[in-house]
Amino acid sequence: MAATRAEKSGHSAETSALAARLRREITGDVLFDPFNRGRYATDASFYQIVPSGVVIPRTMDEALRALSIASDDGRIVTPRGGGTSQSGQTINDGIIIDFSKHLNRVISLDVENRTCVVEPGIVLDDLNRQLRKHGLWFPVDVSTASRATIGGMAGNNSCGGRSLRYGTMRDNTRSMDAALADGSLLHFGELPRDFAQMNSSDRGSDLFRDMLALGAREAVEIGEKFPKVQRRVGGYNLDALVPRNAPNNIAHLLVGSEGTLALTTQVELKLWPVIRNKVLSVCHFGSFYQAMDAAQHLVKLRPIAVELVDRTMLALGREIAMFQPIIATAVRGDPDAVLIVEFAEEDQAENIRRLKQLGELMANLGFGWDHPQRKWGGVVEITEPALQTGIAEFRAAGLNVMMSMKQEGKPVSFVEDCAVPLPHLADYTERLNAIFVRHGTRGTMYAHASEGCLHVRPVLNLKLEKDVKAMRAIAEETFAMVREYKGSHSGEHGDGIVRSEFHEAMFGPRIISDFREVKHRFDPGNVLNPGKIVDAPRMDDRSLFRYPPNYRVSEFKTALDWSAYPGAGGGFQGAVEMCNNNGACRKLEGGVMCPSYRATRDEKDVTRGRANTLRLAISGQLGPDALASDEMAETLKLCVSCKACRHECPVGVDMAKMKIEVLAARAAKHGLSFRDRLVGYLPHYAALASRLAPLANWRNNSPLLRMLFERFAGISARRALPEWRRDVFRSDIDVVGPADGREVVLFADTFNRAYERENLDAALRVLVGGGYRVHIPKPADGGRPLCCGRTFLSAGLVDHARAELDRLVTTYAPFALRGVPIVGLEPSCLLTLRDELLSLRADEPAKSISAHALLFEEFLVREAEAGRLRLPLGPIAGKVLVHGHCHQKSFGVFKSVEQVLRLVPGLDVETIESSCCGMAGAFGYGADTYQTSMDMAELSLLPAVRRADAATLIVADGTSCRHQIKDGAGRGALHVARVLGMSLERARSNPTLSPVAKEPIHG
Ligand SMILES: Cc1cc2nc3c(=O)[nH]c(=O)nc-3n(C[C@H](O)[C@H](O)[C@H](O)COP(=O)(O)OP(=O)(O)OC[C@H]3O[C@@H](n4cnc5c(N)ncnc54)[C@H](O)[C@@H]3O)c2cc1C
Ligand code: SF4
Ligand code: SF4
């Protein structure tokens, strides 16, 4: 299989010469190895085409140089932004030019005239962050705003959920600068009305005049064949060329051209004032058909969006704890579908007036909440901003739940953005469902009812010929129906490979010939992204699929349990194949995922790039034994195992767990490096190192030893290692606290025990002070202290980790099985008991320990919520700045740190909006990863700590996080147990204070 792909992309001596020339003439990355090419072989469609190579230019000149070198060499060139397209338009053989890493600046901003000029690689959210302070935004709010680039959005003529008011990308593009395949750089914008008569002659003028002539010649045909719906993004925008009273804007021909006509170098955008006031209303319907039929009437009240949520999605939402209260407030009774109608006029009184009108309209249409028997009807008005945000999040998450099916069949995007005129929407959706049923599948519909553009993905397994045939049949029948309604078969996500072959059936042969003429006139050599829009392959050509007919994953043995997923490697294959390339892991702000990508902006260092590499490796497309290869190790090197993807990836791709498999495969094949041994075996030698503390710490104080450690152990000379100490925490206390107190086990992890016993001392004081009876059980085997095995997992020594956990399970099981909570301080250690433990053994004792493992702060919050916490806490006047450990965030338990700190009287608690601290266990100590570690910390954590005044307390529960803060900002940080310990001391020094945490905690 690997050979076939390599031949297809023409990998040869000529390709090496091309790569060499590109490297000589371009300072940006030139990536021609199979691993990198593989990472650029997919977008969010179900296709895969491996390119010959990838160029990541540092400047626009370099991008144009790459175009010229590649076309000199007879290669095709495909521009790329975030690679989130769903139709296969962003992949091709030849050379891919990735604009997203370096070409992402705002070039100019004119606040007064509400315009800006940007480079094509800028991400929409990033642009809007920069505009916000000026009260402006770019409103084409695609769902992929966190990673979609303006170049890609223009390429696809993207549309946001509020296109009813703001229009599509085309409506918001004033002009573009772009390079043709021959290198000529042209400005595309409004043309003077007499342009056709002007006699200037140059490359641009001649081209533009020919285009206007085509528009004039084909005006009637275009008028007849182009659907009259707003959501039409199929084909080239020939209607922009038709003579009219206003000037023609030739840039609008480039919008939606999917990189087939020119490389965009900059885009001038129209900006809008930010929305200041809005109201939402949830309209309830007894049947899906009624909801679809009502959409045409609701839009008359001029909302900015009408979004559909159907029964399936409501049911999915009700199963998710965080959405239950939102649905309970926003949805009443048992509707079959709801339409969420959004009004956003500047004047809030006007929004409220429209809400009232909406209620009347619904009643007039027969959908009032006034029938005693039925469980639907009426309008729930939502004016509270927090609830409005909750509803938006619910809609997004509902789709994610649907996408996260673990079975082989998955919701497939190919008819998902057809648009029909609103009067036909109800009939269209009813007939569409019938088509699905006829082909033995189903699909949930959601999204843009206001534009007649509903998203729907039938569930199919494209590894099976029969499902591919069903897909083709569904596409043909659906598009025929769309044509009947004079709708658009391509209403949002572009043409690519999925849609282009159907243009002829939709637009007719004459328009197709016009499309070809445009392509030929712009790009006679067929250099730019050929095979899209015109002369496309069949959409069901399986040789172009991510899972072609010869796709196989041979059986192999894995170290962890992957049985929740299907496929080889005990399910590892299914887990890897969950990644659908939607690119959410490329977001640059908010949450934690993915810290390494945020630091490097390389596709190699993002969850998606890693998942794709794993898929190619296990299916033999990267040569034999690719899982244990150096390139695979390099692919995962900067993954800090923060587990953010497990939580934040819409389908829960768990790269930290997958990394353990790769490390295990590598350790089995190549053995361990000295550094891996040093890290992995730490629990084994910790006691000895503590006894010999002055000797063991010698390295930190000797520049020579630091240098030797760097050379022979790969530990950065710039890092001080955690200091060993002789007075470690004694974990043989057995039990302490009142005999009648509620029982709790305190897990004294290796790090806090050996390096920072003050945290365990404080936790013990707090627990006993709260009246708990604290067990610190001696290991059942009488040996060295217990450990969670985390360090072994990070070195790929899975059997050693299992052995550590076996000891721990034997010791703790008697407690867990009778319901005693097991409380720990170090997030990564304690949460190993909840997570990896069950991948290593899933027997009852292990399950019980996993179910009873709680972080210190979680335990206290739980106790407080149950009204059981009797902890005397004294005031600490001042501020505390909190940094959350990635694992706390990925398990959704970080909030308890904030909650527990708020129990301390007088303490002002503020959270740092940070991703991973960058230290991540041993990661930050590596000589080869030191710089990335610091880059991660500098993204937000260290600047925030530096800004804090000296009196502010810094709290971080992770040992590594505290080290990073110390190293990078010179500030000591405390475990939350220490702050509570201080507060407890204050209460004791002032016995008139009574326990403060009597009331349950809320919020
Ligand atoms: C889950 C999900 C939700 C989505 N939701 C929406 C939505 O709400 N609305 C919507 O419209 N789309 C949506 N999409 C589709 C897609 O995200 C958007 O079309 C997005 O704008 C593409 O941006 P990108 O940077 O990823 O483009 P890419 O996929 O990288 O590129 C898109 C096209 O533009 C071309 N291109 C890129 N850069 C240039 C350049 N410099 N010069 C010339 N051509 C260029 C490429 O060759 C390609 O043909 C969704 C996709 C997913 C996976
Ligand atoms: S890893 Fe998750 S977030 Fe990233 S592209 Fe894959 S599915 Fe999307
Ligand atoms: S574990 Fe963290 S660093 Fe690794 S891929 Fe997931 S989000 Fe990125």
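Indexing begins at 1, ligand by ligand and atom by atom, following the structure's order. Count residues from 1 along the sequence.
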Item to check | Polar side-chain atom of Thr600 near backbone of Asp602 as donor-acceptor pair, under 3.5 Å | outcome: yes

Checklist entry - Does Arg646 make a cation-pi contact with Phe891 (under 6.0 Å, within 45 degrees of the axis)? => result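 Judged by the rule, Arg646 and Phe891 form a cation-pi pair.
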
Next on the checklist: Could you check whether any heavy atom of Gly496 sits closer than 4.0 Å to an atom of ligand 1, since that is the contact criterion I want to use?
Outcome noted: no

Checklist entry - Leu263: heavy atom below 4.0 Å from ligand 1, yes or no? => result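 A heavy atom of Leu263 does come that close to ligand 1.
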
Which atoms of ligand 2 are found less than 4.0 Å from any heavy atom of [X]?
X	answer
Asn580	7 (S)
Thr607	1 (S)
Pro650	3 (S)
Asn582	3 (S), 5 (S), 7 (S), 8 (Fe)

Which of the ligand 1 atoms, numbered from 1, are nearer than 4.0 Å to a heavy atom of [X]:
X	answer
Glu258	47 (O), 49 (O)
Thr90	28 (P), 29 (O), 30 (O), 31 (O), 32 (C), 48 (C)
Ala148	20 (C), 21 (O), 23 (O), 25 (O)
Ser158	11 (O), 18 (C), 19 (O), 20 (C), 21 (O)

How far is [atom] from the closest protein heavy atom, and which atom is that?
atom	answer
atom 4 (Fe) of ligand 2	Cys585 SG, 2.3 Å
atom 7 (S) of ligand 3	Cys642 SG, 3.4 Å
atom 6 (Fe) of ligand 2	Cys579 SG, 2.3 Å
atom 2 (Fe) of ligand 2	Cys649 SG, 2.3 Å
atom 5 (S) of ligand 2	Gly583 N, 3.1 Å
atom 3 (S) of ligand 3	Val640 N, 3.4 Å

Going by heavy-atom distance to [atom], choose the closest among [options].
atom	options	value
atom 29 (O) of ligand 1	Ala44, Ser45, Pro79, Ser85	Ser85
atom 3 (C) of ligand 1	Asn582, Asn529, Thr144	Thr144
atom 2 (C) of ligand 1	Arg80, Gln86, Met176	Gln86

Sub-4.0 Å atoms of ligand 3 with respect to non-hydrogen atoms of [X]:
X	answer
Met655	5 (S), 6 (Fe)
Cys594	3 (S), 5 (S), 7 (S), 8 (Fe)
Cys639	1 (S), 3 (S), 4 (Fe), 5 (S)
Arg610	3 (S), 4 (Fe), 5 (S), 8 (Fe)

Next on the checklist: With a 6.0 Å cut-off (strictly less than), is the heavy-atom count around CD of Glu913, excluding the residue itself, greater than 12?
Outcome noted: no

Checklist entry - With a 4.0 Å heavy-atom cut-off (strictly under), which part of Ala262 contacts ligand 1: side chain, backbone, both or neither? => result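 It is the backbone that touches ligand 1; the side chain stays farther off.
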
Item to check | Option among Cys639, Cys594, Ser596 that satisfies the side chain to side chain contact (heavy atoms under 4.5 Å, CB included) test with Thr607 | outcome: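 Single side chain to side chain contact (heavy atoms under 4.5 Å, CB included) partner of Thr607 among Cys639, Cys594, Ser596: Cys594.
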
Checklist entry - Where's the contact between Val651 and ligand 2, heavy-atom distance under 4.0 Å: side chain, backbone, both or neither? => result side chain

Checklist entry - For ligand 2, is any non-hydrogen atom under 4.0 Å from Val606's backbone (N, CA, C, O), its side chain (CB onward), both, or neither? => result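 None of Val606 does.
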
Checklist entry - Where's the contact between Lys643 and ligand 3, heavy-atom distance under 4.0 Å: side chain, backbone, both or neither? => result backbone

Checklist entry - What is the ring orientation for His885 with His887, classed by angle as parallel under 30°, tilted 30 to 60°, or perpendicular over 60°? => result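 Rings of His885 and His887: perpendicular, over 60°.
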
Checklist entry - Parallel, tilted or perpendicular: which describes the rings of His448 and His455, with under 30° parallel and over 60° perpendicular? => result perpendicular

